[in-house]
There are 2 protein chains.
Amino acid sequence: MIESLKNHILRFVSPSKKEMEDFLNIIESENIPAKHYILKEGHYCNYNHFIVKGCFRSFFINEKGVEKTINFGIEDWWLTDFDSFMNRTQTQLNIQATEDATVLKISKPNLDMVLKSSLEINKYFRIILERVRIADQRRIQYMFNLSGEELYNTFYEYNPEFVQRIPQYMLASYLGFTPEFLSKIRAKKHS
Amino acid sequence: MIESLKNHILRFVSPSKKEMEDFLNIIESENIPAKHYILKEGHYCNYNHFIVKGCFRSFFINEKGVEKTINFGIEDWWLTDFDSFMNRTQTQLNIQATEDATVLKISKPNLDMVLKSSLEINKYFRIILERVRIADQRRIQYMFNLSGEELYNTFYEYNPEFVQRIPQYMLASYLGFTPEFLSKIRAKKHS
DNA sequence: AGAAAAACTTAATCTAGATTAAGAAATATA
DNA sequence: TATATTTCTTAATCTAGATTAAGTTTTTCT
């Protein structure tokens with residue numbers, strides 16, 4: 001199971017045997033049943049999670065009580081609230097499994113320890129973050145420039161299988177509009 | 001002038017004398033007059049830029065010909081199109097100085113060379129990217145949850161001096177609405 | 001200093017998407 | 001296999017912000 005993380009690392013960097021072992025040794029694993037949380041508003045985010053199997057969403061609840069989904073995570077993604085994790089602040093986010101899931105996780109002190117001295121693990125996280133940055137920028141660009149309907153069509157085009165995997169109201173929330181509006185879009189599309 | 005980059009690095013990491021020198025040695029510098037570009041749509045983004053003095057905006061031009069500002073950069077920020085820079089693809093972005101500016105810049109091959117072996121410089125960019133990630137996530141969260149008026153007020157609250165520094169139409173574009181709407185907000189506020 | 005260009009304002013009209021509400025399907029649970 | 005819960009749909013009404021267009025103010029350049 002830890003193999004999936006090992007393989008992911010090897011896709012990007014080439015640690016020595018010792019470097020890899022030192023890193024994998026401080027990884028913990030956990031099974032999360034569907035609908036359970038790995039992070040809840042008001043708590044401290046103590047782990048960065050690598051998703052081995054399953055799907056998660058991170059969302060916050062606004063002042064009107066509406067859930068706003070800001071990210072999804074699936075297999076081979078790292079998921080955390082960086083703000084809370086790095087700055088040791090209380091999180092405003094909830095991270096919930098949308099289906100039965102397995103994660104590997106690493107605590108802040110353990111991660112700090114490895115990052116203090118391991119060149120390749122630093123490289124690994126730097127590269128991951130570069131890719132995340134590209135994805136975030138692209139998302140911001142889309143949000144600015146596309147209508148709701150275009151956002152849905154674009155998302156569907158690039159992630160057809162994923163759309164089947166989650167309830168529509170979560171996708172609507174992620175794309176920045178209401179579930180009712182998503183229904184409208186789909187009705188239009190299939191007519 | 002390269003002192004400002006050196007100081008920035010020392011705020012986050014502790015390279016050896018040699019590590020710092022090797023890095024600073026491959027940095028180039030450039031003065032950019034107001035309105036000039038350091039990146040233009042269709043070109044390859046060959047540099048990551050560290051802003052010593054001045055202000056830049058990165059924007060793309062949509063199919064209707066409207067400029068959409070997706071980022072600003074000021075003193076002590078790194079600015080590039082990561083997608084183009086990392087993946088060696090043609091950029092869709094323009095990066096323009098909004099006032100006379102000075103940048104330090106590093107080419108992709110030179111940066112790759114340093115990152116291959118320097119632990120501290122890898123750490124440095126990893127930490128920068130973690131902070132960028134936090135900012136991006138916060139921005140997405142705001143964009144989802146705040147009205148145009150709230151976005152402006154929040155931005156103004158946290159960056160009062162910066163609002164004076166750029167034309168309003170750029171800020172409107174960055175916040176995701178039209179300059180006319182920003183005028184409306186301000187008229188309301190000052191009445 | 002004067003002309004041209006760039007930036008900002010105001011106001012009327014229009015529209016994408018929100019809101020509200022009610023019912024229908026689908027899924028989970030006993 | 002019935003009941004409860006969750007998810008999805010439809011439709012009427014409403015609103016934040018876009019669009020268009022014209023005029024004004026500010027900045028830049030010669």
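Heavy atoms only: backbone and side chains are in, while hydrogens, waters and symmetry mates are out. So you know, we letter chains A, B, ... as the sequences are listed, proteins then strands, and number each from 1.
- For B:Tyr169 and C:dT9, the OH to C1' distance is 16 Å, given to the nearest whole Å.
- Atom pair B:Gln164:CD and D:dT26:C1' shows a separation of 15 Å (rounding to whole Å applied).
- In this structure, A:Leu182 places its CG atom 12 Å from C1' of C:dG17, rounding to the nearest Å.
- The NZ atom of B:Lys184 sits 9 Å away from the C1' atom of C:dA11 (whole-angstrom rounding).
- What separates CG of B:Leu175 from P of D:dG17 is a distance of 11 Å, to the nearest Å.
- Across the protein-nucleic acid pair, A:Glu180 atom CD and D:dA12 atom C1' stand 13 Å apart, rounded to whole Å.
- Using a 4.0 Å cut-off, no side-chain N or O of B:Gln168 falls inside it from OP1 or OP2 of C:dA6.
- Among residue pairs with one or both ends in residues 163-172 of chain B, those qualifying as side chain to side chain donor-acceptor pair (under 3.5 Å) are B:Glu75-B:Arg165, B:Glu99-B:Arg165; sequence neighbours excluded.
- Checking the phosphate oxygens (OP1, OP2) of D:dT9, a side-chain nitrogen or oxygen of A:Arg186 falls inside 4.0 Å.
- Within the structure, the side chain to side chain donor-acceptor pair (under 3.5 Å) test picks out the following pairs touching residues 104-113 of chain B (sequence neighbours left out): B:Glu30-B:Lys105, B:Ser107-B:Asn110, B:Lys108-B:Asp112.
- Counting to the nearest Å, the C1' atom of C:dA7 and the CD atom of B:Glu99 are 17 Å from each other.
- At a threshold of 4.0 angstrom between heavy atoms, the contacts of B:Thr178 include nucleobase atoms, whether or not backbone atoms are also involved.
- No side-chain donor-acceptor contact under 3.5 Å links A:Glu149 to the backbone of A:Ile185.
- For B:Lys35, taking side-chain heavy atoms from C-beta onward, the closest of the listed nucleotides C:dC8, C:dG17, C:dA6 is C:dA6.
- When rounded to the nearest whole Å, the span between CZ of B:Phe181 and C1' of D:dT20 equals 17 Å.
- If you look at B:Phe72 and B:Phe162, their ring centroids are closer than 6.0 Å.
- Within 4.0 Å of A:Ser183, counting heavy atoms only, lies at least one base atom of the nucleic acid.
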